[in-house]
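Convention: sequence-line order gives letters A, B, ...; per-chain numbering from 1.
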There are 2 protein chains.
Amino acid sequence: MTTVSENDHINLLRQHDLRPTRQRIALAGLLFNAPCRHVTAETLRAEVAAQGIPMSLATIYNTLNQFSRVGLLHEINLDDNVRYFDTNTDHHHHFFDPKTNDLIDIPAGAIGLRSLPEAPDGRSVERVDVVIRLA
Amino acid sequence: MTTVSENDHINLLRQHDLRPTRQRIALAGLLFNAPCRHVTAETLRAEVAAQGIPMSLATIYNTLNQFSRVGLLHEINLDDNVRYFDTNTDHHHHFFDPKTNDLIDIPAGAIGLRSLPEAPDGRSVERVDVVIRLA
DNA sequence: AGGCAGTTTAGAATAATTTTAAATTATTTC
DNA sequence: GAAATAATTTAAAATTATTCTAAACTGCCT
């Protein structure tokens, strides 16, 4: 009864020193089967519930944070004070629709940044994030 | 006892259909005397307290939201789930230091954006926000 | 199978913000 | 200028998102 992608996810978890527990495998299944997803703890909880998988909200938060920490997810903060998690961990940018809170990925190469200002004093640039807000 | 800048702030408030109450005048004084400030409800509350002005936290939140609504402030959301308010309402970008949560303004002209992707279907671009995250 | 460490869980705790309804204060009217 | 009116402020409760706690559970190693 163990599907192919389930085994992939078990390996993925092991590679990141995360025990492949039932709930982590289920969440990996929801997150990593589609190519690029944007979820919050609540949207993910709704999906989990829709599949009838029993899981506490604390586990969803813990798992999102763990996946983030090991680099399987990327965290984004937008207007509403809710954490979004993006399964696309490549460097990229976003369209954001403030009406629906929808996010759409933009590959890093699709936006050309010319003439970035110097970082202050001894600091360096870690990353440049562009959000194109839609009307 | 009414200072020049206080009268300016009273006019500013009136221009935006906000009654010049004691607390709105005090907050305008703290916010709009310096050229460009980044505050949160809590940092502003600390300043208010330091000046010995009695004011409830709810009023600070209400006022920040009202100033924002009429365009006197601009709201920014960053890593920590706290709302920042920027007294610079021109279109501009930011350096952000995740260690200290400091924000530094970057004038819009200092960043050249080439080749923005098309907005999806019938949507249009409202604004482009660039955050340069420092390490 | 047994034991241990890592996980999950329900529920309490925390943090940021908003709401409520009563008290206060700025404006309007006389 | 004082009374009436409507907007504002306030303390406290409510709400929302998230984290923490300590007990129960489960994967893993032998």
Side-chain angles (χ1 to χ4, degrees), chain A residues 1-2 6-7 9-30 38-46 48-49 51-70 72-73 75-85 101, chain B residues 2 6-7 9-30 38-46 48-49 52-70 72-73 75-85 101:
Chain A
M1 266 318 260
T2 300
E6 198 173 302
N7 274 327
H9 295 146
I10 290 173
N11 289 333
L12 186 68
L13 292 168
R14 286 232 171 83
Q15 280 159 30
H16 292 283
D17 287 313
L18 294 170
R19 271 197 198 175
T21 62
R22 239 180 306 106
Q23 24 288 299
R24 294 209 266 235
I25 294 165
L27 292 178
L30 288 169
H38 302 98
V39 302
T40 66
E42 278 303 335
T43 64
L44 195 52
R45 185 167 80 120
V48 165
Q51 304 231 354
I53 305 166
M55 194 177 320
S56 85
L57 186 55
T59 298
I60 293 176
Y61 275 104
N62 290 340
T63 305
L64 285 172
N65 285 331
Q66 290 154 358
F67 284 8
S68 239
R69 186 169 334 113
V70 302
L72 290 172
L73 292 174
E75 201 177 325
I76 310 163
N77 285 265
L78 297 159
D79 289 24
D80 51 352
N81 280 357
V82 175
R83 291 199 159 91
Y84 286 77
F85 294 88
N101 287 344
Chain B
T2 300
E6 198 173 300
N7 275 327
H9 293 147
I10 289 173
N11 290 332
L12 186 69
L13 291 168
R14 285 232 170 81
Q15 281 160 28
H16 292 283
D17 288 312
L18 294 170
R19 274 194 195 176
T21 62
R22 238 179 306 104
Q23 22 289 305
R24 293 210 266 236
I25 295 165
L27 291 178
L30 289 170
H38 301 99
V39 303
T40 67
E42 278 303 334
T43 64
L44 195 52
R45 184 166 81 121
V48 166
I53 306 166
M55 193 178 321
S56 85
L57 187 55
T59 298
I60 293 176
Y61 275 104
N62 289 340
T63 305
L64 286 172
N65 285 331
Q66 291 153 356
F67 284 8
S68 240
R69 186 170 335 114
V70 302
L72 290 172
L73 290 175
E75 201 178 327
I76 310 163
N77 285 265
L78 296 159
D79 289 24
D80 50 352
N81 281 357
V82 175
R83 292 200 157 88
Y84 286 78
F85 294 88
N101 286 345

Does [N] have OP1 or OP2 sitting under 4.0 Å from an N or O in the side chain of [X]?
X: Tyr61(B); N: dT17(C); result: yes
X: Thr21(A); N: dG6(C); result: no
X: Arg22(B); N: dT25(C); result: yes
X: Thr59(A); N: dT7(C); result: no

If every non-hydrogen atom of Ala26(A) is compared with every non-hydrogen atom of Ile53(A), which pair is closest and at what distance?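 Here Ala26(A) and Ile53(A) meet closest at CB-CD1, 3.9 Å.
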Identify the heavy atoms of Asn77(A) and Asp79(B) that sit nearest to each other, and give their distance.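 Shortest heavy-atom contact: OD1-O, 3.4 Å.
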To the nearest Å, how far apart are [X] [atom1] and [N] [atom2]?
X: Asp79(A); N: dA17(D); atom1: CG; atom2: C1'; answer: 16 Å
X: Asn81(B); N: dT17(C); atom1: CG; atom2: P; answer: 9 Å
X: Leu27(A); N: dT9(C); atom1: CG; atom2: C1'; answer: 14 Å
X: Asp80(A); N: dT18(D); atom1: CG; atom2: C1'; answer: 14 Å
X: Asp17(B); N: dT27(C); atom1: CG; atom2: C1'; answer: 13 Å
X: Arg45(A); N: dT8(C); atom1: CZ; atom2: C1'; answer: 16 Å
X: Ile10(B); N: dT27(C); atom1: CD1; atom2: C1'; answer: 14 Å
X: Glu42(B); N: dT18(C); atom1: CD; atom2: P; answer: 13 Å

Toward the 5' end of DNA chain C, which comes first, Pro20(B) or Leu57(B), by nearest nucleotide?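 In this pair, the answer is Leu57(B).
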Check every atom of [options] against the side chain of [X] and return the nucleotide holding the closest atom.
X: Arg83(B); options: dT19(D), dT18(C), dT8(C); value: dT18(C)
X: Asn62(B); options: dT17(C), dT8(C), dT19(C); value: dT19(C)
X: Ala58(B); options: dA17(D), dT19(C), dT8(D); value: dT19(C)
X: Gln23(A); options: dT18(D), dT9(C), dT27(C); value: dT9(C)
X: Arg19(B); options: dA11(D), dT7(C), dA26(C); value: dA26(C)
X: Arg24(A); options: dA11(D), dT25(C), dT8(C); value: dT8(C)
X: Ala41(B); options: dT17(C), dA11(D), dT9(D); value: dT17(C)

Base, sugar-phosphate or nothing for Arg14(B)? Non-hydrogen atoms, less than 4.0 Å.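 Sugar-phosphate contact only - Arg14(B) comes under 4.0 Å of backbone atoms but never of a base.
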